Amino acid sequence: MPPQSRQGGCFFHNPVNKSTNQHSMEYRPSDIEPKWRKWWRENQTYRIDNRNGKPKFYVLDMFPYPSGAGLHVGHPLGYIATDILSRYKRLRGFSVLHPMGFDSFGLPAEQYAIQTGIHPAISTEQNIVRYREQLDNIGFSYDWEREVRTSDPRFYKWTQWIFMQLFNCYYDRDADKALPISHLTEIFSKKGNKAVNASCDDDTPVVSAEEWNAMSEREQQLFLLKYRLTYPGEAYVNWCPALGSVLSNDEVKDGVSERGGHPVERKLMKQWNMRITAYADRLLDGLEAIDWPESIKEQQRNWIGRSAGASVRFAVDGHEGVEIEVFTTRLDTIYGATFMVLAPEHELVSRLTTDEQRQEIDSYIKWTASRSEVERMSEVKKVTGAFTGAFAINPFNGERIQIWIADYVLAGYGTGAVMAVPSGDQRDWLFATHFDLPIIPILDAQEGLENAADPTKEGRYINSGIINGMTYAEAVPTLIQWLEERALGKGKIQYKLRDAVFSRQRYWGEPVPAYWKDGVPHLIDERDLPLVLPNIDKYLPTETGEPPLARAENWRYAPLNGEGEERYEYEHSTMPGWAGSSWYFYRYMDPHNEDAFCSKEASDYWQQVDFYLGGSEHAVGHLLYSRFWNHFLHDLGLVPHREFAKKLVNQGMIQGRSNFVFRAKESFFEQYLHLKVLKPFFAEHGPMRIAKTEVEGSFKYDFAFGTNDLAIEVTSWKQEEKIERVRKTAHGDGKRLMVLYSETLIDHINEPEAIAEKVRQALESRENFIADLERPVCEQLFVSQSLLYKYHPDSFTKLHVDVGVVEADVLNLEKARRLPMFEKANFKLDPDKKYICAWEVEKMSKSKYNVVNPDDVVAEYGADCFRMFEMFLGPITDAKPWNTQGITGVSGFLKKFWRLFFSGKDGAFSVTEDTPTAEELRALHHCIKKVTDDVERMSMNTCVSHFMIATNDLHRLNCAKRTILEPLVVMLAPFGPHIAEELWHRLGHATTVCDATWPTHNEEYLKSDTKEYPIQINGKLRATVTLPTDVSKEDAEKAALALEQVQKWLDGQAPKKVVFVPGRMINVVV
RNA sequence: GCCCGGGUGGUGGAAUGGUAGACACGCAGGACUUAAAAUCCUGUGGCUGUAGAGGCCGUACGGGUUCGAGUCCCGUCCCGGGCACCA
């Protein structure tokens, strides 16, 4: 018996005392797991304080959207991994923040509200309760005191507050940070806007101080919108009149709405924007400083799409005043530009085309227009184009170059014009080769130009006027300076990034804390936050197409809160899903603060997220917008770091493994009858043939025997008309007719002899019409996948079947028959009496019947087993299909681990205080070393393996010693917290295992006197020899060469060389 | 087309340039049992073989570096993800 707890407060809570008297000491997760979850809750084991002397560690999961479908086994994969990391860090003495919350604004709840009229807050609350239950079931160490919900007014108050700060700021490029608008207006009033280097709209006019001061208040406010970091603008959206809503890009398929297939139109709508473009450079540069997956960084770089280059204006020969502007990232290649290509849609095409070329150009444009976007994009290798007859002048050398049009240049990109450099660009090279245009080498390092372009930047320029002999680094500034001096162009940085649309014409989102007065938006007073979402009668747009919030009655703002004062309309759109998730990680630090989104004290302690885990699908949405907001909050001095997450890891998706069954179609039964039943009769009654004459578009009979007057028709007994028709035909032909109901075949599907017997009787009978009078039982037949190859593939309908009734791809017939789809079904089984299902890996989703609920797995194997199995599947970063094959291995491990402690008589607790042997210590310390290393690098799957190895070793050694087992319990605690807590208390501890200390390994115990050295001959393993670990090179070589195996390979010769790697191997080179 | 991953037994997967296939599933055989479950033991990359010896092949394919390559380099093919002619 373990020594009893004496630690007052915890004594009553120590549930071990209740269960120690139970006679069986079997490992029963269903007993111990709920017990400890309750205990943790009562003892507030996972509560974490902001004030303590420990070093901090912040582990964050991407919080889930609480959907109605509940949690599936894919969600917890990341949560388990971070839970292990968190518990591990805690055991290593860190104060760990590991919170969870809900991204609870979103479309599905709104869609549900539209259908049912139930307020999204209610359905969301229900879904959250369900998620909580499911999460709690898995034994996570979240501090639920810190839970956040983005749809909670106490939370979105601060989302709105941050929005207001954005509205009140502009981006000052000289200060390289956001500054208050008041700073801007001060400069405007003294020096005009030319004195400010700030991010603003492209069309912002230059105003002097006088002009600014002469503006009305309203005009000034409108002007300032061009600078604010959030501002109302106009944007094209996918408007679907039939659904009365705006759709996201992926809700639109082939120009119609995905749901319902309604037409979608591009509509210009007033939308709030976020001036994220102001931060483009910082978002790009910031990537260097963070430990995020390269693929995510790359996606963000591509999204930001910064390209440094130059815009150059080309004059057109014979067209005074006409200039074609091109943007190029390789200005250094301009002397190699031997022609120019315009998009067929380019506005100058018609003007520049000469009369001789007019017809060719027109027909090319016509042809282009007929091609779909897909064609234009996919036919990369095909070169097409047409010459306009016009010539552009290269500003650097005055060369006349031909102007062509080609559909590989798109009007929407850049200026819709390209200067073509065939020696450096492969597409231009193909074009030049095809149309026999000149190719001029421009760098002495370019090679193989007769076969392909060479885009190198190496070497020195040739044929390149003012940059001849220069390197790339020298050439670019020289060219730009030349251009700028002559005002023919300028150095330019282009971004693909656009300002982010921040409005949604939806109900279930954060209201924008602004109201409209004379067409100008104003912020509401901070005192009036949160601006709470009003109730409305229907969750749909108004008849006039206004967003749902326009339905709210009397929802207007009184800036002075005065009675009888004029009230103004609030903004009616709401914020997008990414608003709340762009800063939520700070709220966890200080979740109940009513005076700030997060106190300085809290953010000073927790700093930034140390480890963030989530899916890569958020690469450019959430993860870019969060960085943007964080940079902004940092500019305001509200958060300590520019980047909110130091390290990010992507978890792989757990895919569903769908199972399929095959339902037989009519034609299957004819094939079946032929193959399984009729063949034995051929010898006797001649080969079966199908009557050639067609009746009413189908064959006369399914089967008829050559030497017998019997015809056989296979059909459903419900097809009374058909049966009657065939019967008449048979009568006319003088044939006897047997009708075999397909349902009868289904009833006897696994016993073809029964049907054969019916046919035999029919053949011997003299009756003209033979059909069963009994009504068959089954109506549908499902054929095992293993039998399909015998039949025509079109004879089956492939259907998803609930994976819950399939075990290892074998259909559980008993369970399956309870499903409606199999209610009147029979199954054609393979010779092993099994129904084999087909399988495919697909996204896990309700509609594919492949969703596996963690609760079911937890109920069967326990939460600890579930946790460890998910980890055991493989590296967390890899995508993999869910497959419980193999869970028994983890389950067996836990039982085995448990038995280490209960190996006494009748499974009594049997841990001893004996001194461990060297071998036992080696097993333990090897495990400590491996698991510690592996947790640090998030290799949870190999950790589980090492626990298994240690357990197997200790079993073999019959080890039940506290010195060995107790450290193992501590190490297991992050992985299987329930079993560890139970064993920890059994070992006599009264406080939680979470506060134990992670063991450290002692290299001394791992040392071994001998080592089995592999002996290689020319790098191939040929023998092994056991040598002292600290064997000298000479002795090792001597021992190796003495081996019979080695002598055989040496064949009397001396070795050329012997390589000895101490502690590793010996390689003899012959 | 470009960018980023990846390709290892029947399966999931191990392997700081140093004994490829740890650990587990599955499968086969055995022990215990009236039986089953549970548990335990043995075997399990392929071919060959004198079969508990030995040999050959083997980490997508072809080369290379190295005493030694799953790992590093070059080229090819295939799979997954991202971007879409970004000039």
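Not measured: the values here are computed from a predicted model. Proteins come first, then strands; the chains are lettered A, B, ... in the order of their sequence lines, and each starts at number 1.
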* Asked: Taking only Watson-Crick and G-U wobble pairs with both distances under 3.5 Å, what dot-bracket line describes RNA chain B, where [ ] shows pairs that cross earlier ones and | shows pairs with another strand?
  -> (((((((..(((.....[....)))((((((.......))))))((((.....))))..(((((..]....))))))))))))....
Quote, to the nearest angstrom, the [atom1] distance that separates [N] from [M].
{"N": "B/U42", "M": "B/U8", "atom1": "C1'", "value": "26 Å"}
{"N": "B/C57", "M": "B/G63", "atom1": "P", "value": "14 Å"}
{"N": "B/A87", "M": "B/G6", "atom1": "P", "value": "27 Å"}
{"N": "B/U71", "M": "B/A84", "atom1": "C1'", "value": "34 Å"}
{"N": "B/G58", "M": "B/U48", "atom1": "C1'", "value": "14 Å"}
{"N": "B/G52", "M": "B/A37", "atom1": "C1'", "value": "34 Å"}
{"N": "B/G10", "M": "B/C27", "atom1": "C1'", "value": "9 Å"}
{"N": "B/G12", "M": "B/U66", "atom1": "C1'", "value": "33 Å"}

* Asked: So does A/Asn650 get a side-chain nitrogen or oxygen closer than 4.0 Å to the phosphate oxygens (OP1/OP2) of B/G81?
  -> no
* To do: Please determine if a side-chain N or O atom of A/Arg956 lies less than 4.0 Å away from the OP1 or OP2 oxygen of B/C41.
  => no
What is the distance, to the nearest angstrom, from the [atom1] atom on [X] to the [atom2] atom on [N]?
{"X": "A/Trp303", "N": "B/C86", "atom1": "CH2", "atom2": "C1'", "answer": "14 Å"}
{"X": "A/Ile1017", "N": "B/C56", "atom1": "CD1", "atom2": "C1'", "answer": "16 Å"}
{"X": "A/Ile296", "N": "B/C83", "atom1": "CD1", "atom2": "P", "answer": "11 Å"}
{"X": "A/Phe327", "N": "B/A87", "atom1": "CZ", "atom2": "P", "answer": "6 Å"}
{"X": "A/His955", "N": "B/A38", "atom1": "NE2", "atom2": "C1'", "answer": "14 Å"}
{"X": "A/Phe339", "N": "B/A87", "atom1": "CZ", "atom2": "C1'", "answer": "12 Å"}
{"X": "A/Trp429", "N": "B/A87", "atom1": "CH2", "atom2": "C1'", "answer": "19 Å"}
{"X": "A/Asn958", "N": "B/U39", "atom1": "CG", "atom2": "C1'", "answer": "15 Å"}

* To do: Could you tell me whether the side chain of A/Cys943 reaches within less than 4.5 Å of the side chain of A/Met871, counting heavy atoms only?
  => no
* Sequence-aligned protein contact record of nucleotides 10-17 of chain B, with B where the base is within under 4.0 Å of a protein heavy atom and S where only the sugar-phosphate is -> --BSSSB-
Would [X] and [Y] pass as an ion pair if we require N to O under 4.0 Å?
{"X": "A/Lys297", "Y": "A/Glu288", "answer": "no"}
{"X": "A/Lys1038", "Y": "A/Glu1034", "answer": "no"}
{"X": "A/Arg956", "Y": "A/Asp953", "answer": "yes"}

* By nearest nucleotide on RNA chain B, pick out whichever of A/Ile949 and A/Gly1019 is the more 5' one. =>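 This one resolves to A/Ile949.
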* Asked: Mapping A/Ile887 and A/Gly305 to their closest nucleotides on RNA chain B, which lands nearer the 5' end?
  -> A/Ile887
* Asked: Among A/Ile887, A/Thr884, A/Val890, A/Val857, whose side chain to side chain contact (heavy atoms under 4.5 Å, CB included) with A/Phe866 holds?
  -> A/Val857
* Closest non-hydrogen atom pair, A/Gly491 against A/Ile480 -> N-CG2, 3.7 Å
* To do: Search all heavy atoms of A/Glu26 against all heavy atoms of A/Trp898 and return the closest pair with its distance.
  =>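 Here A/Glu26 and A/Trp898 meet closest at C-NE1, 3.3 Å.
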For the side chain of [X], starting at C-beta, report the closest nucleotide among [options].
{"X": "A/Arg1022", "options": "B/G18, B/G55, B/A87", "value": "B/G55"}
{"X": "A/Glu1012", "options": "B/C23, B/U19, B/C57", "value": "B/U19"}
{"X": "A/Thr328", "options": "B/A87, B/U39, B/U19", "value": "B/A87"}
{"X": "A/Arg899", "options": "B/G26, B/U39, B/A87", "value": "B/U39"}
{"X": "A/Val418", "options": "B/A87, B/G26, B/C67", "value": "B/A87"}
{"X": "A/Val1059", "options": "B/C67, B/U19, B/C25", "value": "B/C67"}

* Under 6.0 Å between ring centres, would you say that holds for A/Phe339 and A/Phe435? ->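 Here the rings of A/Phe435 and A/Phe339 have centres that are no less than 6.0 Å from each other.
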* Does the ring center of A/Phe975 lie less than 6.0 Å from the ring center of A/Phe947? ->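 For A/Phe975 and A/Phe947, the ring centres are under 6.0 Å apart.
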* Step through the shown structure and confirm whether more than 12 heavy atoms of other residues, nucleotides or ligands are within 6.0 Å of CH2 on A/Trp292. => yes
Need one value for [X]: base, sugar-phosphate or nothing, where a base atom within 4.0 Å counts as base even if backbone is also close, heavy atoms only.
{"X": "A/Met1065", "value": "base"}
{"X": "A/Gln299", "value": "sugar-phosphate"}
{"X": "A/Lys896", "value": "sugar-phosphate"}
{"X": "A/Val1069", "value": "sugar-phosphate"}

* Asked: For B/G9, is chi within 90° of 0 (syn) or not (anti)?
  -> syn
* To do: State the CG-CG distance between A/Leu873 and A/Asp878, to the nearest 0.5 angstrom.
  =>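 Reported to 0.5 Å precision, the distance equals 10.5 Å.
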* Please work out whether the ring planes of A/His946 and A/His926 are parallel, tilted or perpendicular, with thresholds of 30° and 60°. => perpendicular
* To do: Check if the side chain of A/Asn1067 and the base of B/C67 share a donor-acceptor pair of N or O atoms closer than 3.5 Å.
  => yes
